[in-house]
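What follows is a short report on a single structure.
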2 protein chains.
Amino acid sequence: MAIHSIHDAIHRFEESQSKIKALNYATSMLFWDASTGAPKSGADARSKSIGTMSGFLYQLTVNEQIKEDLTLLMANLESLDEIKRVSVIEAKREYDKLTKIPMDEFQAYNELVSKSAMVWEEAKEKSDFKMFEPYLEKVINMLLKFADYRGFEGHPYNLYIDDFEPGMSVDQLNVFFDTLRARVVPLLQKIMDKKREIPTDFLKKNYPKDLQDQVSRQLLSLMKFDLERGLLKESVHPFTMGVDIDDVRLTTHYYENDLASAMLSTAHEGGHAIYEQNIDRKLQQTLLATGTSNGIHESQSRLYENNFCKSHAFISYFLPYLKSVFPEQLKEVGVETFYKGLNKVEPSLIRIEADELTYSLHIMIRYEIELGLIDGTIKVSELPSVWNQKVKDYLGIVPSNDAEGVLQDVHWSEGLFGYFPTYALGSAYAAQIAHYMGKEIDIEDCLSKGDFEPLTKWLNSKVHQYGALKKPNELIELITGERLNSKYYCDYLEEKFSKVYEL
Amino acid sequence: MAIHSIHDAIHRFEESQSKIKALNYATSMLFWDASTGAPKSGADARSKSIGTMSGFLYQLTVNEQIKEDLTLLMANLESLDEIKRVSVIEAKREYDKLTKIPMDEFQAYNELVSKSAMVWEEAKEKSDFKMFEPYLEKVINMLLKFADYRGFEGHPYNLYIDDFEPGMSVDQLNVFFDTLRARVVPLLQKIMDKKREIPTDFLKKNYPKDLQDQVSRQLLSLMKFDLERGLLKESVHPFTMGVDIDDVRLTTHYYENDLASAMLSTAHEGGHAIYEQNIDRKLQQTLLATGTSNGIHESQSRLYENNFCKSHAFISYFLPYLKSVFPEQLKEVGVETFYKGLNKVEPSLIRIEADELTYSLHIMIRYEIELGLIDGTIKVSELPSVWNQKVKDYLGIVPSNDAEGVLQDVHWSEGLFGYFPTYALGSAYAAQIAHYMGKEIDIEDCLSKGDFEPLTKWLNSKVHQYGALKKPNELIELITGERLNSKYYCDYLEEKFSKVYEL
C-alpha cells in the first residue's frame with residue numbers, strides 16, 4: 001500500500017515537473033523574443049502572457065496534491081534514486097518559499113518592487129537618492145519580515161545568499177571577503193603606485209560589426225560551444241538562455257569602436273552556454289538540467305573569459321587570426337601590447353565597466369553594505385556617504401554623484417539581496433577549479449594552440465554534467481577536495497597582475 | 001439572482017478567454033521562433049512545450065464550469081453586448097467541436113493524422129500513391145464519422161467548409177465554381193490559343209538579398225503596414241502571425257535569382273498583416289481580434305498582391321524605384337514589359353507556383369475531388385487517375401507522376417478538408433470588394449502615385465476593424481450589399497488578362 005502510494009506520488013510529481021519545464025520553456029522564449037527584436041509595442045500582450053504563464057506555474061507548484069505528495073516523498077527520500085531525491089528536495093524548498101509567506105503580503109511585495117524599480121530608474125536619472133530612499137527602506141523591511149516567516153539559521157542574510165548560492169553562508173563569505181580585502185586592496189595599491197601607462201587605443205579603432213560577429217563565432221567554435229545546438233544573436237545586454245540541453249542561446253553586443261567588448265562578452269556568455277549544453281542527458285527531462293547556482297555558473301563564464309581568453313598563451317594564438325580579420329586596425333600591435341591592453345587595471349566607478357582585478361572590490365563594497373543593511377548596522381539614509389567612503393577606501397576614487405555611486409545598480413530596487421556576492425564567488429571558484437585542472441592538464445600549452453578541447457572536456461566531466469544535481473559546496477569539494485578557498489583566487493590575481501605590471 | 005449569476009458567468013468567461021489568449025500568444029511565439037532561426041536540435045523540447053500548452057488550452061476550453069456558464073449565457077444572449085454575444089457563440093461552437101467527438105476517438109484521429117502526414121511525406125518523395133492510400137482512406141472515414149457525431153445540415157462537407165469559412169456551404173460553392181468553370185476555363189483556352197510569348201528573363205537575374213529586403217520594406221511602408229508595430233523576417237515558407245494588434249509579424253523568402261517571388265509574397269503577407277494590425281482596439285483583449293475567416297483573410301492578401309501590386313498603375317509608379325535599387329538588372333526594362341512579365345499566364349502542375357489566372361483552377365480541381373471523396377462518388381483508389389484527368393481537362397497538361405500530381409499538397413494527409421476552397425474564395429471576395437471600393441475611390445489613380453493610404457483606410461473601415469465580429473457572409477453583404485458573387489472575379493480576370501494578352 002505504502003509502496004503503491006509512493007509510486008503514484010512519484011508519477012504525479014514527475015508529470016508536474018515536466019509541465020513546469022514546458023511552461024518555463026515557453027516563458028523563456030518570450031524573454032528571448034523580447035530581447036532579440038520583438039516590436040516594443042507588443043510589450044503589453046507579452047506581459048499579459050507571461051503573467052498568465054506564471055499563474056499556471058504557481059498552480060503546478062503549489063496545490064494540495066503536491067503538498068501531500070511532497071510530504072510523503074520527503075519522508076521516503078531513501079527509497080528514491082539520486083535524481084528524484086534531489087528533485088523532490090528542490091521542489092519542497094520552492095514550495096516552502098512560496099507558501100510560508102502569506103499570499104497578500106507576497107503580492108504587496110511584488111507590487112512594491114515593481115514600483116521601486118521604476119522609482120530607482122528615475123532616481124538614477126536625476127541622481128536623487130532621497131527619492132529612492134523610502135522605497136529601499138520598505139523593501140528591506142519586507143525582506144526582514146519574510147526572513148522571519150521563512151525561518152533561518154544564524155544571520156538573516158544567510159537566507160538570501162542561499163536563494164542564489166545554496167549552502168553558502170555569511171560565515172563563509174566573511175572569510176572570503178576578509179582575504180580579498182587583505183590581499184587585493186594592497187595589490188591594487190602597488191599597481192597604482194607603479195604608475196605604468198598601458199595603451200589601449202588600438203582596441204578603440206573602427207571594428208565593423210559583421211567582422212566582429214565572425215570573430216565571436218570563431219571564438220565560440222574554438223571554445224567547443226556547439227553552434228548547431230544553439231544560437232548566437234545580438235541584444236542590448238549580453239545574456240545566456242539554456243532552455244534545453246539541445247537549445248542553448250547566447251547574445252553579445254557589438255560596439256563598432258571597441259574590439260574587446262563583444263569578444264570578451266562572447267567568451268563570458270560562451271562559458272555559461274557550454275555549461276548548459278553539456279549537462280548529462282539523464283537530467284534532460286528534469287528541472288535539474290541547469291546550472292547549480294549563480295556562483296558556479298559565473299565560475300564557468302569567468303574561466304573562459306578571464307582565465308582562458310584573456311591569458312597570454314591564448315592571445316599569442318588568437319592575435320594572428322584577429323590580424324587576418326582586421327589587418328589595418330591591428331597592423332602594428334604585438335602580442336605583449338594586445339595582452340596588456342586587454343588586462344589593463346584602472347579603478348573606475350561603475351561595476352559593469354570594471355577590469356578583472358577591481359571587479360571583486362566593487363562586489364566587496366556591495367556585500368559589506370548588504371550585510372549592514374540587513375543586520376541594521378547601516379541605515380538606508382546613510383547609504384550615499386557609506387558608499388562613497390568605501391569606494392574611496394578600496395578603489396581610491398570618489399563618485400561625483402549618486403548616479404555613478406550608490407544608485408548605479410538595479411538589484412536592490414528589485415529586492416535582489418544576496419545576489420551580488422555570487423559575482424565574486426564565480427571568479428574565486430574559477431581560480432580554484434583552474435588550479436586543480438592545472439594539475440591534470442597543461443592549460444597554457446592548450447591555450448597557446450587554441451586547443452580548448454581538453455579544457456572543455458575536463459569541465460564537462462567535472463562540472464557541467466552534474467547540472468543542479470550537486471550543490472555548489474559539494475561540487476567544489478568533489479573537484480578540488482576542499483571547500484571554497486579564496487587563496488587560489490588571490491594567488492591567481494597576484495601572479496597575473498604582477499606579470500602584467502612587472503611588479 | 002439570475003442577473004447576479006449571469007454577471008458571474010460573464011466574469012469567469014472573460015477571464016478564461018483572456019487566459020486562452022495569453023496561452024495562444026506563447027504558443028505562437030514558439031512557432032515564430034521555430035520558423036525564424038531556432039536550432040533544429042531543440043525541436044523535441046519545443047514540441048513538449050507546445051503539447052503542454054495545448055493541454056492547458058483544453059482545460060480552459062472544456063470543463064464543467066465553462067459548460068454551465070456557456071449554457072447560461074447562450075440562453076441569455078440578448079442581454080449581452082455584441083462583442084460578448086459573438087464571443088460566447090464562438091466559444092460554444094469550439095466547445096461543441098471539442099466535446100461531441102469521444103475523447104478516445106479524437107486522440108486516435110490525432111495520432112492517425114500525425115502518422116499520415118509522415119507517410120505522405122515519404123510517399124511524395126517516392127511518388128508512390130499506393131503507400132499513402134490506406135492512410136487517406138482512414139482519415140476520410142474518421143472525418144465522416146466525426147461529421148455524424150458533430151451533426152450537419154445538407155451535405156456532410158458543409159461541416160468542414162464551415163470550420164474554415166463559417167456560413168459557407170456546398171450550395172454556395174457549387175454556384176461559385178460552376179461560374180469559374182464556365183468562364184475561366186475558356187479564358188485560359190483563348191490565351192493559350194494566342195500563343196503569345198511573354199519574356200520574364202529579366203526577373204531571373206541576380207538580385208542580392210539585402211537589396212530585396214530593402215524593396216520589401218519599402219513596399220510594406222507604401223502599403224501602410226506599420227513596421228513599428230510589427231516585424232519582417234525571413235523564413236522558408238512566408239507566413240503572417242498576428243499575436244496582438246500591436247505585434248503583427250510577417251515573413252518572406254528571398255531567392256537571389258528571382259525578383260518577383262519575395263516582392264509579391266511580401267505584398268501578399270503584408271495584406272494579411274495590415275488586416276491583423278487594424279482591428280478595432282475594443283476587440284484587443286478578446287479572441288475576436290483576428291481575421292474572421294480564411295477566405296476573408298485571403299481576400300486581403302490577394303487584394304494587395306494581385307489587384308494592387310501587380311496592377312499596371314502600380315508598376316508604372318514602382319518600376320522607377322526598383323530601377324534605382326537594381327540599375328544594372330533592370331536597365332532596359334520598360335513598364336509594359338515588367339507588368340506583362342509579372343502577369344504571365346502559364347498552366348503548370350504545381351499549385352503554389354501557379355499564376356493568378358490558373359491558380360483558381362487548381363483549387364477547383366481540389367474542391368471537386370474533396371466533394372467526391374466526402375460524398376463517396378470518388379474512391380480514394382481512383383484519385384491519381386481522377387486527378388490527372390481533371391488537370392488535363394482544365395489546364396491542358398498532364399502530370400508525369402503523382403509527386404507533381406495528387407501527392408503535391410500536405411493538406412489531405414492532415415485531415416484538412418474544406419480548407420482549399422478558401423484560397424479561391426479569397427480572390428473572389430477581393431474582386432468583389434475592389435469593385436465596390438472603385439465606386440468610392442479612384443483606385444488606379446492612387447496606385448499610379450504609390451498612394452495606398454486611401455485604399456488601406458477604406459479597407460480598415462470596411463473590413464479590418466471588425467476582426468472576427470462579423471462573419472464572412474455578413475461582412476461581404478455589409479460592404480457590397482450582396483453575398484459572394486463570382487461575377488466580379490470573372491469580370492476582373494477577363495478584363496485584366498484580355499489586356500495583358502491583347503485578346
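Just so it is clear: chains get the letters A, B, ... in the order the sequence lines come, proteins before strands, and each one is counted from 1. Just so it is clear, the structure is predicted and the values come from calculations on it, not from any experiment.
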**Asked** When rounded to the nearest 0.5 angstrom, what distance separates CG in A:D247 from CG in B:D44?
**Response**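 A:D247 atom CG to B:D44 atom CG measures 11.0 Å (nearest 0.5 Å).
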
**Asked** What distance do B:M29 atom CE and A:W32 atom CH2 have between them, rounded to the nearest 0.5 Å?
**Response**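 Answer for the CE-CH2 pair, B:M29 versus A:W32, is 14.5 Å.
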
Under a 4.5 Å cutoff for heavy-atom pairs, which residue among [options] has the most contacts with chain B?
{"options": "A:G51, A:G230, A:S41", "value": "A:S41"}
{"options": "A:D244, A:L30, A:N24", "value": "A:L30"}
{"options": "A:Q285, A:M53, A:R249", "value": "A:R249"}

Atom [atom1] of residue position [X] - does it have more than 12 heavy atoms of other residues, nucleotides or ligands inside 6.0 Å?
{"X": "A:E121", "atom1": "CD", "value": "no"}
{"X": "A:Y95", "atom1": "OH", "value": "yes"}
{"X": "B:F239", "atom1": "CZ", "value": "yes"}

Does any backbone or side-chain atom of [X] lie under 4.5 Å from a heavy atom of chain A? Answer side chain, backbone, both or neither.
{"X": "B:Q284", "value": "neither"}
{"X": "B:R46", "value": "both"}
{"X": "B:L60", "value": "side chain"}
{"X": "B:K233", "value": "side chain"}
{"X": "B:A43", "value": "neither"}

Ignoring hydrogens, what is the shortest heavy-atom contact between [X] and [Y]? Give both atom names and the distance.
{"X": "A:P39", "Y": "B:L231", "value": "CD-CG, 3.7 Å"}
{"X": "B:A22", "Y": "A:S49", "value": "O-OG, 2.8 Å"}
{"X": "A:G42", "Y": "B:Y25", "value": "O-OH, 4.3 Å"}

